[in-house]
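Remember, it's 1-based here, ligands and their atoms both numbered in the order they're listed.
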Amino acid sequence: MMILAVETSCDDTAVALLDGCTPLQERVRSQEEVHAAHGGVVPELASRDHLRVLPSLVDSVLGSAGLGSPGDVDVLAATAGPGLVGSLLVGLSWTKAAAWASGARFIAVNHLAAHLHIHYGCGLEVSFPAVALLVSGGHTCILRMNAWNDIHLLGTTRDDAAGEAFDKTAKLAGLGYPGGAELDRLADTGDPEAVSLPSPMADPSLPEFSFSGLKTAARSALEGGARPCDLAASFRRTVVDLLVGKLMHQCDLMRAESVLAAGGVTANSLLRESLRSECRKRGMPLFLPDREHAVDNALMVGRSAAAVLDEDPDASSSLSCNAFARWRGPRLETLCCR
Ligand code: KG4
Ligand code: ZN
């Protein structure tokens, strides 16, 4: 089954061609340069850049695989949401039009489920129930997975997402945008004990987060003369302890059989180290994406479509499927607009 997958939910344009779950071709074009001068993603600029870049990425993927047109694949998959609606519409509309013109099956997927589905068909079997941490620029969630397409929210953030908090703190420390990765590098040179920061909602049994107060404390520390590298190290330590402490509490509570992590913040070096060490202690299998597939990519969209189709070979999304900005509700549906 050949799947052409498109991801345009925020500021990365990504296209992948898969044979089942196996990647054949992948392209990602980051818009970081477009938005850096503005200190954050400008939605209108993001949509325009997706429009400009997407057709050439598709041509490049198909051409490298020796295919002539989108009609040469079996399935066309795209992200329907959550994300920036203007950006989503570019990839979603292109994919719907290509599916309509070619007769290929159309599958619209949920971006959050897709992040977790980077681990679907990765070569190692995941045992369920699993507990999952999804940490990105827009989301911070702890989820229970009973199966690949049976995913329930246990808790989320009450304000900023973890990646957003990293980016805002990086900005305060004088780093560029998005500064999460740079703050991570700076933290390696600082002392995590040097700056005392609050740990909001620290109770590990509460699977919820609040990061906005932490960011305010970071500002005060810098104004009080803290070295940026020490602040970065203390901030990273505090956020990682909160994420991992709450995740592992749920893991123990539900007697999970595996731990999955996904989203851009899982590129963080301390988070990776801490997850590995906690899972090792428990003898728990850990599924961590490589850094390239921690951030937004199209392989995860293709694997999400594969997860849907392996469960229901007749599944498809309606061509009237619309983009959506937010996902609400206790259950995370993989297939959108069935
Ligand atoms: O998953 P993603 O590409 O996009 C969203 O769906 O939001 O995540 C991007 C986020 C940004 O906030 C970025 O700063 C953060 O992931 N990020 C990091 C690191 N690398 C990327 N945060 C902390 N440490 C990193 N090494
Ligand atoms: Zn994402």
For this session: Check each atom of ligand 1 against the heavy atoms of Ala267 and keep those under 4.0 Å away; list them by number with element.
Result: 20 (N), 26 (N)
Problem set entry | Sulfur-sulfur distance Cys321/Cys337 under 2.5 Å | yes
Exercise. Which single N/O/S atom of Asp296 lies at minimum distance from the Zn ion (ligand 2)?
Worked result: OD1
Exercise. Can you list the steps and then say if Val131 with Leu260 is a side-chain contact (heavy atoms from CB on, under 4.5 Å)?
Worked result: CA-CA 6 Å; Val131 68; Leu260 280 77; over 6 Å; no
Problem set entry | Nearest-option assignment for atom 5 (C) of ligand 1, heavy atoms, candidates Pro289, Ala162, Gly179, Ser136 | Ser136
Exercise. Applying a 4.0 Å heavy-atom criterion (strictly less than), which segment of Asp296 is in contact with ligand 1: side chain, backbone, both, or neither?
Worked result: both
Exercise. Does Val295 reach ligand 1 with a nitrogen or oxygen that is under 3.5 Å from one of the ligand's nitrogen or oxygen atoms?
Worked result: no
Exercise. Any sub-3.5 Å donor-acceptor pair from Ser234's side-chain atoms to Pro192's backbone N or O?
Worked result: yes
Problem set entry | Element-labelled atoms of ligand 1 that are located less than 4.0 Å from some non-hydrogen atom of His111 | 6 (O)
Exercise. Does Trp327 use its side chain to pair, donor to acceptor, with the backbone of Arg331 at less than 3.5 Å?
Worked result: yes
Exercise. Of the choices Ser269, Ala187, Gly264, Ala161, which has the non-hydrogen atom that lies closest to atom 8 (O) of ligand 1?
Worked result: Gly264
For this session: Would you check, one step at a time, whether the test salt bridge (charged side-chain N to carboxylate O under 4.0 Å, His left out) holds for Lys246 with Asp203?
Result: CA-CA 8 Å; Lys246 288 169 185 271; Asp203 178 358; over 6 Å; no
Exercise. Do any nitrogen or oxygen atoms of Gly137 lie less than 3.5 angstrom from nitrogen or oxygen atoms of ligand 1?
Worked result: yes
Problem set entry | Contact check: His111 to the Zn ion (ligand 2), N/O/S below 2.8 Å | yes
For this session: Would you mind checking which non-hydrogen protein atom is closest to atom 26 (N) of ligand 1, with the distance to 0.1 Å?
Result: Asp184 OD2, 3.0 Å
Exercise. So which heavy atom in the protein is nearest atom 22 (N) of ligand 1, and how far is it from that ligand atom?
Worked result: Gly180 CA, 3.7 Å
Exercise. Which residue and non-hydrogen atom of the protein lie closest to atom 19 (C) of ligand 1, and at what distance in Å?
Worked result: Ala181 N, 3.7 Å
Exercise. What do the steps show when you test Arg29 against Asp12 for salt bridge (charged side-chain N to carboxylate O under 4.0 Å, His left out), and what is the final call?
Worked result: CA-CA 6 Å; Arg29 184 77 57 85; Asp12 293 301; over 6 Å; no
Exercise. Would you find a donor on one side and an acceptor on the other, under 3.5 Å apart, between the side chain of Ser220 and the backbone of Thr216?
Worked result: yes
Exercise. Which heavy atom of the protein is the closest neighbour of atom 13 (C) of ligand 1, given with residue, atom name and distance?
Worked result: Asp167 OD1, 3.7 Å
Seminar exercise, completed: Quick note on ligand 1: atoms under 4.0 Å from a heavy atom of His115 include exactly 1 (O), 6 (O)
Exercise. Which ligand 1 atoms are under 4.0 Å away from a heavy-atom of Gly138?
Worked result: 7 (O)
Exercise. In ligand 1, which numbered atoms sit nearer than 4.0 Å to a non-hydrogen atom of Gly163?
Worked result: 12 (O)
For this session: Ignoring hydrogens and angles, tell me if any N or O in the side chain of Arg255 forms a donor-acceptor pair with the backbone of Cys251 under 3.5 Å.
Result: no
Exercise. When only distance counts, is Asn268 in polar contact with ligand 1, meaning an N/O pair under 3.5 Å?
Worked result: yes
For this session: Look only at the side chain of Glu7 and the backbone of Ser9, and say whether a donor-acceptor pair between them is shorter than 3.5 Å.
Result: yes
Problem set entry | the Zn ion (ligand 2) to nearest N/O/S of His115 below 2.8 Å | yes
Exercise. So, does Lys168 use its side chain to make a donor-acceptor pair with the main chain of Lys215 at under 3.5 Å?
Worked result: no
Problem set entry | Gap separating the CG atom of Asp11 from the CD atom of Glu33, nearest 0.5 angstrom | 12.5 Å
